[in-house]
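What you see is a predicted model, and the numbers here were worked out from it, not measured in a lab. Starting from 1, each residue takes its place in the sequence as its number.
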Amino acid sequence: MNFRPLHDRVLVRRIEADEKTAGGIIIPDTAKEKPQEGEIVAAGAGAKDETGKVSPLDVKAGDRILFGKWSGTEVKISGEDLLIMKESDILGIIG
């Protein structure tokens with residue numbers, strides 16, 4: 001994949017949730033919510049401050065993250081549905 005996000009943006013692949021509940025009930029596609037968990041595919045170099053100094057991101061490619069429900073912009077790159085979001089939209093790193 002030839003895509004590199006700029007500045008403080010990251011490229012995220014959603015991680016699909018389980019299709020069954022703990023009790024064994026299968027959830028149909030129409031009732032599922034979009035997952036709020038993902039894996040970072042690529043990250044930009046970092047945000048620039050007023051003086052032009054680049055502050056690096058706290059996340060890197062391969063990190064599993066949690067993000068807000070309406071965060072990011074959906075894009076299709078190389079036939080894969082991905083999200084582009086700012087680092088500030090990320091709520092935290094998992095594990």
Asker: Between CZ of R4 and CG of N2, what distance do you get to the nearest 0.5 Å?
Answerer: 11.0 Å
Asker: Atom CG in L57, atom CD1 in I90: separation rounded to 0.5 Å?
Answerer: 8.0 Å
Asker: Do I15 and E39 come close enough that some side-chain heavy atom pair is under 4.5 Å?
Answerer: yes
Asker: Does a side-chain heavy-atom distance below 4.5 Å link M85 with V12?
Answerer: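 The answer is yes; the side chains approach within 4.5 Å.
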Asker: Treat each ILVMFWY residue as a node, draw an edge where side-chain heavy atoms are under 4.5 Å apart, and state whether I94 and I65 are in one component.
Answerer: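 In one cluster with I94: I65, no.
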Asker: Rounded to the nearest 0.5 Å, how far apart are OG of S71 and CG of L91?
Answerer: 6.5 Å
Asker: Nearest 0.5 angstrom please: R64 CZ to E37 CD, how far?
Answerer: 4.5 Å
Asker: Distance check, rounded to the nearest 0.5 Å: R13 atom CZ versus I77 atom CD1?
Answerer: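 Output value for this atom pair is 10.5 Å.
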Asker: Could K86 and D89 be called an ion pair, given the rule that one side-chain N must be under 4.0 Å from one carboxylate O?
Answerer: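 No.
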Asker: List the steps, then state whether side chain to side chain contact (heavy atoms under 4.5 Å, CB included) holds for V75 with L83.
Answerer: CA-CA 6 Å; V75 295; L83 288 170; over 6 Å; no
Asker: Are I40 and I93 connected in a single hydrophobic cluster, I mean Ile/Leu/Val/Met/Phe/Trp/Tyr linked by side-chain heavy atoms less than 4.5 Å apart?
Answerer: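 Yes, because I93 and I40 connect within a single hydrophobic cluster, where side-chain heavy atoms sit under 4.5 Å apart.
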Asker: Could you state the interatomic distance from CZ (F3) to CG (L82), rounded to the nearest 0.5 Å?
Answerer: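 Atom-to-atom, F3:CZ and L82:CG are 9.0 Å apart.
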Asker: Closer than 4.0 angstrom, basic N to acidic O: yes or no for R14 and E80?
Answerer: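 No, no charged N to carboxylate O under 4.0 Å.
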